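I have placed the structure first, in the form of structure tokens, so that the comments after it can refer back to it.
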Protein chains: 2
Amino acid sequence: MASPLILVVEDEPAVRDMIALTLEQADYEWVSAGDVPEARCRLADARPDLVLLDWMLPGQHSGLDFARQMRREELTRDLPVILLTARDAEDDKVRGLDVGADDYVTKPFSPRELLARIKALLRRSGQADGGAVVSIGGLTLDATSHRVLAGDENVALGPTEFKLLSFFIHHPDRVYSRDQLLDRVWGSNVYIDDRTVDVHVRRLRKALAPHGCDRLIQTVRGVGYRFSEQS
Amino acid sequence: MASPLILVVEDEPAVRDMIALTLEQADYEWVSAGDVPEARCRLADARPDLVLLDWMLPGQHSGLDFARQMRREELTRDLPVILLTARDAEDDKVRGLDVGADDYVTKPFSPRELLARIKALLRRSGQADGGAVVSIGGLTLDATSHRVLAGDENVALGPTEFKLLSFFIHHPDRVYSRDQLLDRVWGSNVYIDDRTVDVHVRRLRKALAPHGCDRLIQTVRGVGYRFSEQS
DNA sequence: TAGCCGCATTACAACTATATGACAGCACGC
DNA sequence: GCGTGCTGTCATATAGTTGTAATGCGGCTA
């Protein structure tokens with residue numbers, strides 16, 4: 001496999017160079033962008049495997065908007081994003097997770113920490129498409145054969161339920177609001193009601209219940225849903 | 001932290017003993033397995049922090065399959081794996097890293113080299129954890145999964161209690177008046193009675209009490225409340 | 001020691017969020 | 001064209017959460 005390509009979106013040249021050096025030493029390929037429009041181009045032409053995104057960017061478009069937009073586009077929806085935030089900005093972290101960043105690193109950060117998170121994230125997401133088979137808590141989803149097994153029994157799911165479960169199983173132990181789920185499972189141009197998510201969750205649970213796997217989909221009241229093996 | 005537990009998967013008793021001795025001298029805990037089925041059991045019951053995996057194992061299941069399977073299971077996906085390759089087989093190394101091994105050691109290897117790699121890997125994987133996780137006094141709050149753990153037990157909280165605890169845990173060792181708490185937890189423009197804070201503090205304490213963590217929320221008479229590890 | 005004040009505790013009724021079941025519109029294959 | 005299965009919406013049921021108020025308790029002060 002070729003070494004992963006990482007897109008660095010950061011306006012300060014000094015920080016960018018530092019990151020670039022770190023990446024090179026760890027044998028990653030990289031491209032960089034200094035603002036959001038440029039980042040869009042790189043995204044389209046270079047097709048990176050992961051994005052390092054500075055929270056504070058010049059121009060009217062913040063990193064937040066960029067991240068949100070990425071989540072809406074089919075092509076970039078599953079791209080792992082690591083947010084670079086200033087220390088002490090608890091709000092930023094929360095909002096960052098809201099728009100779907102997968103992880104964040106607070107500045108200033110050590111090269112080692114950055115690499116560790118990149119590696120962890122790449123491994124997780126690489127497993128997601130490459131392996132095509134993922135198992136959690138007795139549930140097995142095989143993307144290739146488009147099949148779901150609970151234990152060794154087949155589970156019949158409709159298309160939307162399958163996509164929903166697929167998203168959940170690839171992003172476990174994390175809450176997603178109904179809006180986020182609509183963005184990431186249904187896709188961009190949807191005028192669909194929040195409550196519809198409830199219904200599909202319900203259908204998914206119903207299908208999983210005979211196998212005892214419905215417990216994996218957990219309601220987080222006031223927030224959304226979570227897929228997790230733990231209670 | 002307790003000393004890390006290492007699972008040694010190796011069929012040759014002589015090599016296994018040598019490794020075990022090395023580990024013991026470095027003050028690591030260890031368990032061992034001679035084949036893949038046994039390794040699975042140890043993985044499930046002992047929950048090791050790192051796996052030393054021999055590439056050449058008896059039986060139809062190779063180390064490669066085992067490693068791949070580990071990457072599929074949620075519980076073991078992020079477990080660091082060091083591969084022990086028999087010969088200087090470049091192919092094996094490549095394939096090993098492909099399935100997600102984090103490092104490899106070529107036999108014969110020196111105890112010192114083995115220990116160095118174990119140490120480095122444990123350090124890295126330890127750092128890769130938790131971005132949005134804060135722990136104080138046995139309490140762990142994970143914003144990402146929107147979960148609270150006391151020790152390793154789940155604590156059920158309502159939305160407001162969660163927000164309150166989240167604020168406290170991010171601002172420890174400092175008194176806050178009821179008005180301040182209303183501002184920062186409930187939001188600015190609320191016309192809510194001071195006494196309501198008492199009730200929510202009470203509810204939070206009640207939820208934490210079974211785990212002994214209620215002592216962290218302290219009343220400062222005439223002033224307000226404080227969250228602190230010290231009494 | 002009586003009385004006051006601040007906090008703890010409990011109960012409760014309004015309110016809100018989620019679960020559930022039913023339904024009509026579609027798309028698709030036959 | 002006709003079933004069949006899937007989707008999104010709605011109405012209703014259920015369950016969990018919230019702020020308030022009543023009451024109890026203990027310490028502090030006069």
Side-chain angles (χ1 to χ4, degrees), chain A residues 146-148 154-168 175-210 213-228 231, chain B residues 146-148 154-168 175-210 213-227:
Chain A
H146 208 268
R147 205 175 253 159
V148 176
N154 215 315
V155 182
L157 294 179
T160 306
E161 288 137 50
F162 185 87
K163 270 190 284 184
L164 183 59
L165 178 59
S166 176
F167 176 77
F168 271 139
V175 207
Y176 290 94
S177 72
R178 293 173 174 72
D179 281 324
Q180 288 176 309
L181 289 172
L182 282 175
D183 273 2
R184 304 198 55 175
V185 176
W186 274 254
S188 27
N189 315 320
V190 287
Y191 7 73
I192 292 186
D193 193 52
D194 267 18
R195 300 276 128 232
T196 299
V197 175
D198 298 27
V199 178
H200 281 276
V201 164
R202 153 77 173 146
R203 286 170 181 156
L204 189 48
R205 278 175 170 158
K206 206 171 191 174
L208 297 177
C213 292
D214 54 329
R215 67 184 179 82
L216 295 172
I217 303 176
Q218 301 160 2
T219 304
V220 181
R221 183 162 248 267
V223 184
Y225 296 96
R226 172 181 57 208
F227 187 84
S228 173
S231 69
Chain B
H146 209 269
R147 226 181 218 152
V148 176
N154 217 314
V155 182
L157 294 178
T160 307
E161 289 140 47
F162 186 89
K163 273 188 280 185
L164 183 58
L165 178 60
S166 179
F167 176 77
F168 272 140
V175 202
Y176 290 93
S177 72
R178 293 174 174 70
D179 281 324
Q180 287 176 311
L181 289 173
L182 280 175
D183 271 3
R184 309 208 43 184
V185 176
W186 274 254
S188 324
N189 315 320
V190 285
Y191 84 115
I192 291 185
D193 193 48
D194 268 18
R195 301 275 120 237
T196 299
V197 176
D198 298 27
V199 178
H200 280 277
V201 164
R202 155 75 174 151
R203 285 172 181 153
L204 189 49
R205 278 174 169 159
K206 204 173 192 173
L208 298 178
C213 292
D214 53 329
R215 67 186 178 81
L216 295 171
I217 303 175
Q218 300 157 5
T219 304
V220 182
R221 196 181 170 85
V223 185
Y225 296 96
R226 173 182 56 207
F227 186 85

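The model shown is predicted, which means the values in this text are computed figures rather than measured ones. Per chain, numbering begins at 1; letters A, B, ... match sequence-line order.
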- Message: Side-chain N or O of R205(A) versus OP1/OP2 of dA19(C): is the shortest distance under 4.0 Å?
- Response: yes
- Item | Rounded distance in Å - NE2 (H200(A)) to P (dC10(D)) | 14 Å
- Message: Under 4.0 Å from OP1 or OP2 of dG8(D): is there any side-chain N or O of W186(A) that close?
- Response: yes
- What is the nucleic acid contact for T196(A), judged by heavy atoms within less than 4.0 Å: base, sugar-phosphate only, or nothing? base
- Query: Any idea which of dT7(D), dG6(C), dA19(C) is nearest the T219(A) side chain?
  - Reply: dA19(C)
- Task: Ignoring backbone atoms, test whether T160(B) places a side-chain nitrogen or oxygen under 4.0 Å from the OP1 or OP2 oxygen of dT17(D).
- Result: no
- May I have the distance from D194(A) (atom CG) to dG8(D) (atom P), rounded to whole angstrom? 13 Å
- Message: Check for me whether the distance between the ring centres of Y176(A) and F167(A) falls short of 6.0 Å.
- Response: yes
- Query: Hey, does V197(A) have a side-chain heavy atom less than 4.5 Å from the side chain of Y225(A)?
  - Reply: yes
- Task: Assess whether one donor atom and one acceptor atom, taken from the side chain of R203(A) and the base of dG8(D), lie less than 3.5 Å apart.
- Result: yes
- Item | Between dT20(C) (P) and K206(A) (NZ): distance, integer Å | 9 Å
- Message: Taking any heavy-atom pair under 4.0 Å as a contact, classify F162(B): base, sugar-phosphate, or nothing.
- Response: nothing
Could you tabulate the donor-acceptor pairs under 3.5 Å formed by side-chain atoms of residues 203-210 of chain B, not counting sequence neighbours?
residue : atom : partner : partner atom : Å
R205(B) : NE   : I217(B) : O            : 3.3
R205(B) : NH2  : I217(B) : O            : 3.0
R205(B) : NH2  : T219(B) : OG1          : 2.7

- Task: For dG6(C), take OP1 and OP2 only and decide whether either is under 4.0 Å from a side-chain N or O of Y225(B).
- Result: no
- Atom CG of L204(B) and atom C1' of dT17(D): how far apart are they, to the nearest Å? 15 Å
- Item | Degree of bending in the helix from dT1(C)-dA30(D) to dC30(C)-dG1(D) once both end axes are built from five pairs, to 10° | 10°
- Query: Within the structure shown, what part of the strands sits under 4.0 Å from V199(A) by heavy-atom distance: base, sugar-phosphate, or nothing?
  - Reply: base
- What integer distance in Å separates I192(A):CD1 from dC6(D):C1'? 13 Å
- Taking everything shown except R147(A) itself, do over 12 heavy atoms lie less than 6.0 Å from its CZ? no
- Presence of R195(B) side-chain N/O under 4.0 Å of dG19(D) phosphate oxygens OP1/OP2: no
- Message: With a 4.0 Å cutoff (strictly under), does any side-chain N or O of R202(A) reach OP1 or OP2 of dT20(C)?
- Response: yes
- Length of the line joining I217(A):CD1 and dT18(C):C1', which is rounded to integer Å: 15 Å
- Item | Residue R221(B), side-chain heavy atoms: nucleotide from dG26(D), dT18(D), dT7(D) that is nearest | dG26(D)
- Check the distance between dC10(D)'s C1' and D193(A)'s CG and give it to me in whole angstrom. 10 Å
